[in-house]
> 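One structure is given below, represented as structure tokens, and several questions about it will come after.
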Amino acid sequence: MAAQPPPDVVRRVRELREALREADHRYYILDDPTLSDSQYDDLFRELLALERRWPALEDPASPTRRVPGAVAEGFEPYRHPSPMVSLDNVMSEAEFREWVESADRFLRSTEPRTYSVEPKIDGVALELIYEAGRLVAAVTRGDGEVGENLTANARTIRSIPALLRGPGVPEWIAVRGECYCRKADFEAFNREAEAAGERTFANPRNFVAGSLRQLDPAIPAARPIRYLAYAHGGVRGATYATQAELLAALRQMGLPTVPEARVVEGADAVVRAYEDLLARRDRLPYEADGVVVKVDQARLQERLGMRIRSPRWAVAWKFPAQRAVTRLEAVDWSVGRTGVVTPRAVLEPVFLAGVTVRHATLHNLDELARLDLRVGDRVEIERAGDVIPKVLRALPEARTGRETRVRVPATCPACGTALGRDEGKVALRCGNFACPAQVAAHLVHFASRGALDIRGLGEKQVQQLLEAGLVKDAADLFTLGAEDLAALPRWGEKSAANLLAQLAEARRPPLDRLLVGLGIREVGERGARILARAFGTLGRLARATREELLELDEVGDAMADAVRQWFAEPRNARMLERLEAVGVRPRRVEAPAGGAFEGLTVVLTGTLATLSRDEAKALVEAQGGRAASAVSARTHLVVAGPGAGSKLTRARELGVEVIDEEEFLRRAGRGR
Ligand code: IVH
């Protein structure tokens with residue numbers, strides 16, 4: 001047994017823990033810190049020293065446990081005490097009012113009800129289980145029934161109390177809320193990471209999700225992640241008559257709750273509250289992607305009850321895609337892996353939908369002409385979810401006369417070769433296959449997630465390898481040695497070893513991924529899968545006739561021709577020989593059986609927040625389904641995101657099941 005500490009040590013440890021807990025509470029909950037950072041650190045270190053000296057004083061609820069030990073717990077499955085459902089979405093006032101009317105019908109009453117209107121925080125849902133006020137588990141949503149137990153990581157988040165406080169602590173409670181990162185903290189983190197040459201994140205939600213799923217709690221501990229509570233998933237030893245009362249009780253217990261929540265009476269007041277939050281959206285310190293409207297009275301919540309996967313008493317009313325006005329500082333031209341030269345808007349940085357936007361796509365010359373942009377123009381841009389921002393229009397009324405015309409380059413910005421235009425196409429193209437920008441873009445593509453998925457080989461690393469003369473094409477990657485890499489600036493033994501391990505794995509890619517990586521025009525992830533399944537090997541595909549290709553469902557003239565042309569090109573044949581010579585052997589891919597969408601025809605419509613269209617289609621197919629583009633009587637399922645229009649209407653007319661992105665991810669086993 002560990003030695004027993006003297007009473008004054010016991011007392012001091014208790015004092016220190018109290019003081020640190022109070023400091024966390026004042027900082028995170030009351031937003032009124034009383035200790036400076038260095039005072040906090042001093043107390044913290046004193047406590048840590050005493051705990052090390054006297055192991056008998058160990059307590060998982062101690063504030064020092066926010067600095068994790070070395071042992072990763074791994075993520076065990078954890079069954080939610082009650083299913084962690086998601087909410088139905090509405091996209092417009094009309095849809096919101098329909099929701100109110102359906103509740104009226106269900107309750108057989110049109111009396112105005114009170115509602116809690118809360119921002120819908122865009123983070124990662126997390127359930128916290130407290131037994132007698134002590135945090136015993138922190139669980140992600142998972143599939144709604146069973147999530148991952150992230151308790152060790154949650155303990156590192158200082159706004160999650162390890163002990164609840166006050167007289168109102170129930171015997172047992174499952175608190176539900178969101179892990180999130182403030183916009184300002186996120187920006188600062190990315191800036192520092194970028195300066196240090198480390199990985200940056202696309203938006204606060206990805207950042208939080210990625211951080212929570214780290215096996216080493218030191219990672220989330222070092223990141224600015226916070227928690228907000230907004231519901232419970234079961235409670236023993238207390239009752240709450242309203243949502244407002246629940247939020248007040250959670251706050252009393254020391255849990256931060258959604259700050260902007262307010263209770264209003266009647267649907268009209270909800271509409272005003274929604275509009276108010278929408279207008280203030282950019283000024284909120286966190287990302288919100290809509291509001292959550294909840295029937296306030298617990299009694300009515302119970303009567304309304306649940307549908308299969310969502311409660312009838314609450315609904316998520318999403319915000320529309322975000323727009324902002326900024327200035328066009330320049331247009332730059334980038335050379336893609338096929339030599340196409342595309343214009344890109346360089347913008348005065350503006351914070352929009354969770355990220356700082358510095359660039360927007362201008363697609364091609366036609367789009368540029370249509371927009372009639374001048375450098376120096378004020379422009380309106382739009383960003384929806386993870387989609388690349390785009391320029392919607394210039395604001396000619398804001399012109400000063402000093403704006404200048406956009407110049408279309410006559411020669412390749414990377415290699416100086418005269419640019420040409422494909423017949424009948426709008427694309428500008430650099431015809432030099434050795435153009436360094438093309439080679440670099442091809443290598444980045446080859447290593448990208450949809451292709452060979454070689455982690456640790458991004459734009460910067462590719463640039464380094466090219467500059468050092470270590471690679472000239474994709475096959476050269478497989479000849480790299482540890483010494484080559486370790487000699488590069490900012491590469492250590494570890495990063496070199498990691499990349500070599502990744503490359504070793506990439507030698508046996510599924511055929512479809514290799515096809516994606518080769519960069520055959522017209523052949524995306526979906527096309528590659530169809531070809532790989534139909535032909536089985538590279539050799540058979542190389543010999544396929546146009547007719548054989550066209551026999552395949554979904555392969556049209558353009559893809560068939562592009563495939564034939566690619567294999568006919570001697571340069572490409574040489575590249576395949578070289579890949580074979582360095583040991584790259586693609587594997588056959590079989591059609592999967594038993595997936596979540598087995599045998600189903602699924603239509604995707606509207607914008608999806610976390611997936612690109614191609615990723616979503618890939619997910620459908622990976623789970624045995626077929627992604628179709630039109631809704632018909634043969635459609636089984638429609639996945640609708642914001643902005644869904646006629647397809648959604650058609651689906652409703654036909655009575656086809658409609659689900660949102662979150663539900664889609666959940667069924668695909670990717671739910672958060
Ligand atoms: S209430 C039954 N309130 O949005 C109540 N959810 O699809 C369930 N979210 O799963 C959730 N802010 O991850 C609620 N103020 C808020 C929220 C919120 C964000 C998330 C949560 C939920 C999803 C709804």
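Just follow the structure's listing: the first ligand is 1, and inside any ligand the first atom is 1. Just the heavy atoms: all of them, side chains too, but no hydrogens, waters or symmetry mates, feed the values below.
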> For ring pair (Phe, Tyr, Trp, His ring centres under 6.0 Å), just list the numbers for Phe319 and Tyr274, CA-CA rounded to whole Å, side-chain angles, deciding distance to a tenth of an Å, and then say yes or no.
CA-CA 9 Å; Phe319 289 148; Tyr274 168 88; 5.5 Å; yes
> Would you say Arg176 touches ligand 1, if touching means a heavy atom closer than 4.0 Å?
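Contact absent.
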> Between Glu178 and ligand 1, which part of the residue brings a heavy atom under 4.0 Å of the ligand: side chain, backbone, both or neither?
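The answer is the side chain.
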> Say you draw a straight line from CZ of Arg226 to OG of Ser159; how long is it, rounded to the nearest 0.5 Å?
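Separation between the atoms: 6.5 Å.
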> For Ala316, is the nearest heavy atom under 4.0 Å from an atom of ligand 1?
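No.
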> Is the NZ or CZ atom of Arg158 positioned over Tyr40's six-membered ring, under 6.0 angstrom from the centre and within 45° of the axis?
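Yes, cation above the ring, under 6.0 Å and within 45°.
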> Indicate yes or no: does Glu93 engage Arg97 in a salt bridge with an N to O separation below 4.0 Å.
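Yes, Glu93 and Arg97 are salt-bridged.
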> Taking the six-membered ring for Trp and the single ring otherwise, decide whether the centroids of Phe597 and Phe664 are under 6.0 Å apart.
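So the answer is yes for these two rings.
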> Do the charged groups of Arg213 and Glu148 touch, with an N to O distance under 4.0 Å?
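Yes, Arg213 and Glu148 are salt-bridged.
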> Need the ligand 1 atom indices (1-based, order shown) with element for anything under 4.0 Å from a heavy-atom of Glu662.
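Answer, ordered by atom number: 7 (O), 10 (O).
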> Any nitrogen or oxygen of Val258, side chain or backbone, less than 3.5 Å from one on ligand 1?
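Among all N and O atoms of Val258, none is under 3.5 Å from an N or O of ligand 1.
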> Heavy-atom contacts under 4.0 Å between Val292 and ligand 1: side chain, backbone, both, or neither?
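Only the side chain of Val292 comes within reach of ligand 1.
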> Which residue from Glu118, Arg141, Lys318 reaches closest to atom 22 (C) of ligand 1 through any of its heavy atoms?
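Residue with the shortest heavy-atom distance to the ligand atom: Arg141.
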> Out of all atoms in ligand 1, which are within 4.0 Å of some heavy atom of Ala125? Include the element for each.
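Checking each atom against Ala125, I get 13 (O).
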> Which atoms from ligand 1 have a heavy atom of Pro311 less than 4.0 Å away?
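Reading through ligand 1 atom by atom, the close ones are 2 (C).
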> Okay, side chain of Arg182, backbone of Tyr286: is any donor-acceptor separation there less than 3.5 Å?
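The answer is no, because no donor-acceptor pair under 3.5 Å joins these two groups.
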> For ligand 1, does Trp313 get within less than 4.0 Å through its side chain, its backbone, both, or neither, judged by non-hydrogen atoms?
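Answer for Trp313: side chain.
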> Charged N to carboxylate O below 4.0 Å: is that the case for Glu657 and Arg652?
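Arg652 and Glu657: not salt-bridged.
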> Please state whether Pro119 comes within less than 4.0 angstrom of ligand 1, counting heavy atoms only.
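For ligand 1, residue contact (heavy atoms, under 4.0 Å) with Pro119 is present.
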> Measure Lys294 to ligand 1 on non-hydrogen atoms and call it side chain, backbone, both or neither using the 4.0 Å cut-off.
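Lys294 to ligand 1: side-chain contact only, backbone stays beyond 4.0 Å.
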> Taking 4.0 angstrom as the limit, do Asp122 and Lys318 come out as a salt bridge?
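Judged by the 4.0 Å cut-off on N to carboxylate O distance, Asp122 and Lys318 do not form a salt bridge.
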> Between Ile121 and ligand 1, is there a nitrogen or oxygen pair with a distance under 3.5 Å?
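Ile121 vs ligand 1: N/O contact under 3.5 Å present.
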